[in-house]
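Basis for what follows: all heavy atoms, side chains included, without hydrogens, waters or symmetry-related copies.
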Amino acid sequence: MLVRTTARDGIRRPTAARGLRAAAVAMLAAAALASCTQDTPQDAAPASSPALPSAAPADNADSADNADQAEQAASEPTEEPALPAEPAPEAVRDAFATLQATLNDTCTPGAGDCAYFLGRVTQELTELDEAMRADPKGPGHFKQPLADMKTLFAKLGTDRSTPHLEKHFSAIVGTRDGINTWMQDHPDDYR
């Protein structure tokens, strides 16, 4: 029996023990590889494999877990998922209902109470415009309200500041009220 002293720890170890350890590691690797390619459950040892040393079951479980993770990573799609599409515009009746909820609301320009009201009405008109343009009946069905909103949006431009909206108070409220009147004459569009 050969005995070898390791410089690292000064312990004398038999060379045969290292040979057994290397053989056990090789057997574990082979068993893990075989379990990945067989249709049997991975924690069940094949009938033809020899008994492993007492430390082998834990090592085998680690190898099987690593093999499972590698197999799962390989089976996952490599493409990135597609980004969700932009949400579709609301239905005309839903957009009109939220605009109609502002009918009894108002404010006094210059009094400091118009920021929310005018911002909301302008937003509701924008959403109604989008809904009418996307409606299956086509924008030609909503010709008058779309023309009124186009005129309003041309006046407003991109400035949605409170002083600018207060300057166009009459146009905003007049457009809202005119669309309400038009929709009342077309109940099939909002019921």
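Remark: Lys137 pairs with Asp188, Asp189 by the salt bridge (Lys or Arg N to Asp or Glu O under 4.0 Å) rule, at least two apart or across chains. Considering only residues two or more places apart in sequence or on other chains, Arg133 meets the salt bridge (Lys or Arg N to Asp or Glu O under 4.0 Å) condition with Asp129. Under the salt bridge (Lys or Arg N to Asp or Glu O under 4.0 Å) criterion, Arg93 pairs with no residue, sequence neighbours left out. Taking Glu166 as the reference, nothing meets the salt bridge (Lys or Arg N to Asp or Glu O under 4.0 Å) condition, with sequence neighbours excluded. In this structure Asp159 satisfies the side-chain hydrogen bond (donor to acceptor under 3.5 Å, both in side chains) test together with Ser161, sequence neighbours excluded. With sequence neighbours left out, Ala111 forms a side-chain contact (heavy atoms from CB on, under 4.5 Å) with Thr108, Asp113.
Contact check for Leu128 versus Glu124: no side-chain heavy atoms found under the 4.5 Å cut-off. At least one side-chain heavy atom of Met132 sits under 4.5 Å from a side-chain heavy atom of Pro145.
Atoms CG and OG1, from Leu152 and Thr126 in turn, are 8.0 Å apart once rounded to the nearest 0.5 Å. Annotation: the span from Thr162 atom OG1 to Leu118 atom CG amounts to 7.5 Å, rounded to 0.5 Å. Put simply, CG on Leu165 and CD1 on Ile172 are 4.5 Å apart, with the number rounded to the nearest 0.5 Å.
Side-chain atoms of Thr122 never come within 3.5 Å of backbone atoms of Gly119 as a donor-acceptor pair (strictly under, hydrogens ignored).
Among all heavy-atom pairs drawn from Arg160 and Phe153, the shortest one is NH2-CD2, 4.2 Å. Considering every non-hydrogen atom in both Asp105 and Arg120, the closest pair reads OD2-NH1, 4.2 Å.
Pairs engaging residues 90-148 under the disulfide (SG to SG under 2.5 Å) rule: Cys107-Cys114 [sequence neighbours left out]. Note on residues 143-158: pairs passing side chain to side chain donor-acceptor pair (under 3.5 Å), not counting sequence neighbours, are Gln144-Asp148. Within the structure, every pair that satisfies the ring-ring contact (aromatic ring centres under 6.0 Å, His included) test and touches residues 92-117, not counting sequence neighbours, is listed here: Phe96-Tyr190. Listed by first then second residue, pairs satisfying side chain to side chain donor-acceptor pair (under 3.5 Å) with a partner in residues 168-178 number zero, not counting sequence neighbours. Identified under the disulfide (SG to SG under 2.5 Å) test for residues 137-191, with sequence neighbours left out: none. Among residues at least two apart or in separate chains, there is no disulfide (SG to SG under 2.5 Å) pair with a member in residues 140-191.
Taking the six-membered ring where tryptophan is involved, the planes of Trp182 and His141 are perpendicular, since the angle between them exceeds 60° and thus also 30°.
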